[in-house]
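Notes follow once the structure below has been shown.
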Amino acid sequence: MSNVSLDELTSLCKRRGFIYQGSEIYGGLAGTWDYGPLGVQLKRNIEQAWWKMFVEQRDDMYGLDSAILMNPKVWQASGHTGAGFADPLVEDLETKKRHRADHLLEDNGVENAEELTHEQMNKIIKERGIKSPDGNDLSEVRVFNLMFDTHVGPVRDDNSMSYLRPEIAQGMFVNFKNVVDSLQPDLPFGLAQSGKAFRNEISPREFLFRVREFNLMEFEYFIEESTWEERFEHFRAEFYRWCEVLGLDVKKMHELEVPEADRAHYSKRTVDFEYEFSFGTKEVGAIAYRTNFDLSNHMDQSGEKMLYRPKDGSDPFVPHVIEPTFGLDRMLLATLSEAYTEDTDNDRVYLALPEDIAPVKYCVSPLLKNKPELVARAREVYEMLQGKYGRVVWDDNGNIGKRYRRQDEIGTPWCVVIDFDTLEKDGKVSLRNRDTLEQTRLVPEEI
RNA sequence: GCGGGCGUAGUGAAACGAUUAUCACGCUAGCCUUCCAAGCUGGAGUUGCGGGUUUGAUUCCCGCCGCCCGCACCA
């Protein structure tokens with residue numbers, strides 16, 4: 001619909017109270033954003049729509065809300081303390097370009113380089129005189145860990161070290177046994193949760209797109225191995241149904257079949273779902289077939305039996321997993337980009353947000369502010385609508401056109417105006433539609 | 001993290017080594033206004049942070065923070 005620039009969108013978000021830069025009065029903190037009053041309402045509406053569609057309206061999905069801090073053994077079992085999240089990097093001393101040390105070694109004929117320690121990598125680079133792709137000397141190997149570390153408890157030593165979770169999936173894997181024991185779900189079933197995750201990105205960019213603290217919504221859907229392709233396709237279709245809830249144009253959604261070399265360490269197949277942003281076509285969600293990598297590893301590491309026991313008495317097994325992931329902030333950014341509409345015919349900008357997720361549902365105004373009888377009736381209607389469909393706001397500032405423009409910019413789908421005909425004729429109020437500008441008249445009880 | 005550019009009200013801009021930093025829109029109070037940013041009269045609000053040079057710094061210099069572009073990275 002629109003191809004709004006990030007600058008314009010960022011500006012509107014700030015001006016109207018959707019999103020502010022994190023810690024702004026102290027000069028900001030890169031990669032963090034704060035949701036203002038309208039932004040948090042929009043975010044919650046999206047999250048709730050997701051929960052409703054995928055958890056409440058299905059009988060095979062179970063909700064969960066696990067802790068952000070986890071036992072560090074979780075991250076060893078999941079592979080996040082190794083290559084990928086803790087990358088060994090070297091720098092070209094001339095060009096200052098950075099390269100993955102393990103990739104460079106493999107390019108130079110060293111096998112399984114990612115399993116080497118950094119000391120071993122340094123040694124090989126020195127012994128064999130390995131240069132950068134541009135033929136220059138290299139710096140020492142340094143680890144760049146994408147996980148934020150922290151310490152749990154009063155003593156700051158290696159034993160107290162933990163991490164802020166870089167993904168929310170592990171909370172569902174480690175609770176697999178608990179849910180099976182307490183609810184005895186039949187396979188297939190899913191665990192769903194939404195929440196914060198943290199990644200210490202090298203360079204945050206593009207507004208809400210690449211950030212250091214973000215919200216994910218995802219589920220782990222446990223299946224029998226033989227059914228994985230069928231389940232994968234099911235969620236692929238569901239993904240598009242979800243995009244419609246957000247009002248996203250499916251023509252702007254693109255699938256990227258992630259080649260093996262680029263896939264996560266746990267994944268046997270991954271499809272990224274990308275949206276055409278003004279700054280490029282970028283990932284907003286994905287579906288990954290994680291096999292039984294996670295449950296198997298947790299079973300090995302913890303000694304707990306991560307097994308599903310079929311009720312027909314056949315052999316227990318470790319289920320496989322399909323994992324659909326939705327980046328909440330990225331989805332929200334796509335939703336705003338899509339909704340942003342320049343209506344030059346009417347000299348206005350409005351957010352064509354779907355009614356279910358718009359932060360404000362109704363605005364109520366007296367046609368004129370200086371007529372007490374109009375104001376009084378408008379107040380009654382305002383109070384009547386309060387809480388009926390979510391957020392309702394009152395606006396009597398300036399003139400009616402100004403109020404419409406203001407509500408347009410925050411995406412309020414309906415404006416209710418009380419005028420003289422309301423009082424003198426039939427009690428009907430006007431209901432103005434954000435997108436069509438059309439007005440209908442009806443009694444307030446019919447709204 | 002590297003290289004380049006940039007940082008003045010909420011937004012977009014202007015100006016200056018020196019009196020109280022300007023303008024538009026927006027916001028706000030009052031008047032007015034019988035449905036799409038009209039008008040009138042008021043009001044609030046700005047030099048990112050820290051240091052240096054200087055009689056005097058928003059302006060010049062340095063550091064930090066942040067933003068943009070490119071590279072790299074991106075489970």
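Lettering of chains follows the sequences in order, A, B, ..., and the numbering in each one begins at 1.
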Inset, instruction - Indicate, yes or no, whether a donor-acceptor pair under 3.5 Å links the base of B/rA72 to the side chain of A/Ser203. - result: yes
Inset, instruction - Scan every strand shown for a Watson-Crick or G-U wobble partner of B/rG63, both distances under 3.5 Å, and answer none if you come up empty. - result: B/rC49
Inset, instruction - Mind running a 4.0 Å heavy-atom check of residues 34-42 of chain A against RNA chain B and sending the residues that fall below it, in number order? - result: none
Listing time: all N or O pairs from protein to nucleotides 43-45 of chain B that are below 3.5 Å?
none

Inset, instruction - Take atom P in B/rG10 and the same atom in B/rA44, then report the distance between them in whole Å. - result: 15 Å
Inset, instruction - Using only heavy-atom distances, decide whether a donor-acceptor pair under 3.5 angstrom links the side-chain of A/Arg432 to the base of B/rC36. - result: yes
Inset, instruction - Answer yes when A/Arg241 and A/Glu238 have at least one side-chain N-carboxylate O distance shorter than 4.0 Å, and no when they do not. - result: yes
Legend entry - For A/Phe148, ring-ring contact (aromatic ring centres under 6.0 Å, His included) partners two or more places apart: none
Legend entry - Spacing of the P atoms in B/rU46 and B/rU41 (rounded, Å): 25 Å
Inset, instruction - Answer yes or no: side-chain N or O of A/Asp419 and base N or O of B/rC35 forming a donor-acceptor pair under 3.5 Å. - result: yes
Inset, instruction - May I ask you to test the A/Arg377-A/Pro444 pair for a side-chain heavy-atom distance under 4.5 Å? - result: yes
Legend entry - is_close_aromatic(A/Tyr362, A/Tyr382), centroid dist under 6.0 Å: no
Inset, instruction - Looking only at side-chain atoms of A/Arg441, point me to the closest of B/rU34, B/rC35, B/rG70. - result: B/rC35
Inset, instruction - Report the residues that fulfil ring-ring contact (aromatic ring centres under 6.0 Å, His included) with A/Phe279, sequence neighbours left out, ordered by chain and then residue number. - result: A/Phe209, A/Phe277
Expected list for residues 28-43 of chain A: side-chain donor-acceptor pairs under 3.5 angstrom, two or more places apart:
residue : atom : partner  : partner atom : Å
A/Thr32 : OG1  : A/Leu29  : O            : 2.8
A/Trp33 : NE1  : A/Phe207 : O            : 3.0
A/Tyr35 : OH   : A/Asp329 : OD2          : 2.7
A/Gln41 : NE2  : A/Asn45  : OD1          : 3.4

Legend entry - Axial cation check for A/Phe232 ring with A/Arg269, 6.0 Å and 45° limits: yes
Legend entry - Spacing of the P atoms in B/rA18 and B/rA57 (rounded, Å): 11 Å
Inset, instruction - Ignoring the backbone of A/Arg199, work out which of B/rU33, B/rA75, B/rA72 is nearest its side chain. - result: B/rA75
Legend entry - Span that lies between the P atom of B/rC2 and that of B/rG43, in whole angstrom: 49 Å
Inset, instruction - Could you work out the separation of B/rC25 and B/rU19 based on their C1' atoms and round it to a whole Å? - result: 29 Å
Distances under 3.5 Å only, N/O to N/O: pair up the protein atoms with those of nucleotides 26-28 of chain B.
residue : atom : partner  : partner atom : Å
B/rC27  : OP1  : A/Arg406 : NH1          : 2.4
B/rU28  : OP1  : A/Asn397 : ND2          : 3.3
B/rU28  : OP2  : A/Asn397 : ND2          : 2.7

Inset, instruction - Sequence neighbours left out, what passes ring-ring contact (aromatic ring centres under 6.0 Å, His included) with A/Phe176? Give chain and number order. - result: A/Phe222
Legend entry - Side-chain-base donor-acceptor pair under 3.5 Å for A/Glu201 and B/rC74: no
Inset, instruction - Could you note down all residue pairs passing salt bridge (Lys or Arg N to Asp or Glu O under 4.0 Å) where residues 436-447 of chain A supplies at least one of them, sequence neighbours left out? - result: A/Asp419-A/Arg441
Legend entry - Salt bridge A/Arg379-A/Asp396, side-chain N to carboxylate O under 4.0 Å: no
Legend entry - Distance test, side-chain N/O of A/Asn399 to OP1/OP2 of B/rU33, below 4.0 Å: no
Inset, instruction - Could you check which residues of residues 207-217 of chain A get a heavy atom under 4.0 Å from RNA chain B? Sort them by number, please. - result: A/Arg210
Inset, instruction - Round to a whole Å and report the spacing from CD of A/Gln21 to C1' of B/rC65. - result: 10 Å
Legend entry - Side chain A/Ser430 and base B/rC35 donor-acceptor under 3.5 Å: yes
Per-pair distances, 0.1 Å, donor-acceptor, side chain in residues 318-328 of chain A, under 3.5 Å, sequence neighbours excluded:
residue  : atom : partner  : partner atom : Å
A/His320 : ND1  : A/Tyr289 : OH           : 2.6
A/Glu323 : OE1  : A/Arg290 : NH1          : 3.2
A/Glu323 : OE1  : A/Thr325 : OG1          : 3.4
A/Glu323 : OE2  : A/Arg290 : NH1          : 2.5
A/Thr325 : OG1  : A/Glu218 : OE1          : 3.0

Legend entry - Distance-only donor-acceptor check, side chains A/Glu304 and A/His298, under 3.5 Å: no
Legend entry - Polar contact flag, side-chain donor to acceptor under 3.5 angstrom, A/Trp414-A/Glu355: yes
Inset, instruction - For A/Phe293, enumerate each residue passing the ring-ring contact (aromatic ring centres under 6.0 Å, His included) test, keeping only those at least two apart in sequence or located in another chain. - result: A/His265
Legend entry - Sub-4.0 Å heavy-atom contacts from residues 282-297 of chain A onto RNA chain B, ordered by number: none
Legend entry - Separation of the P atoms in B/rC23 and B/rG66, to the nearest angstrom: 34 Å
Inset, instruction - Just say parallel, tilted or perpendicular for the rings of A/Phe54 and A/Phe219, cut-offs at 30° and 60°. - result: tilted
Inset, instruction - Taking the side chain as every heavy atom from C-beta outward, state whether A/Leu246 and A/Glu338 have any pair of such atoms under 4.5 Å apart. - result: no
Inset, instruction - Determine the interatomic distance between P on B/rC69 and the same-named atom on B/rC60; round to the nearest Å. - result: 25 Å
Legend entry - C1' atoms of B/rG1 and B/rA9, separation to the nearest Å: 34 Å
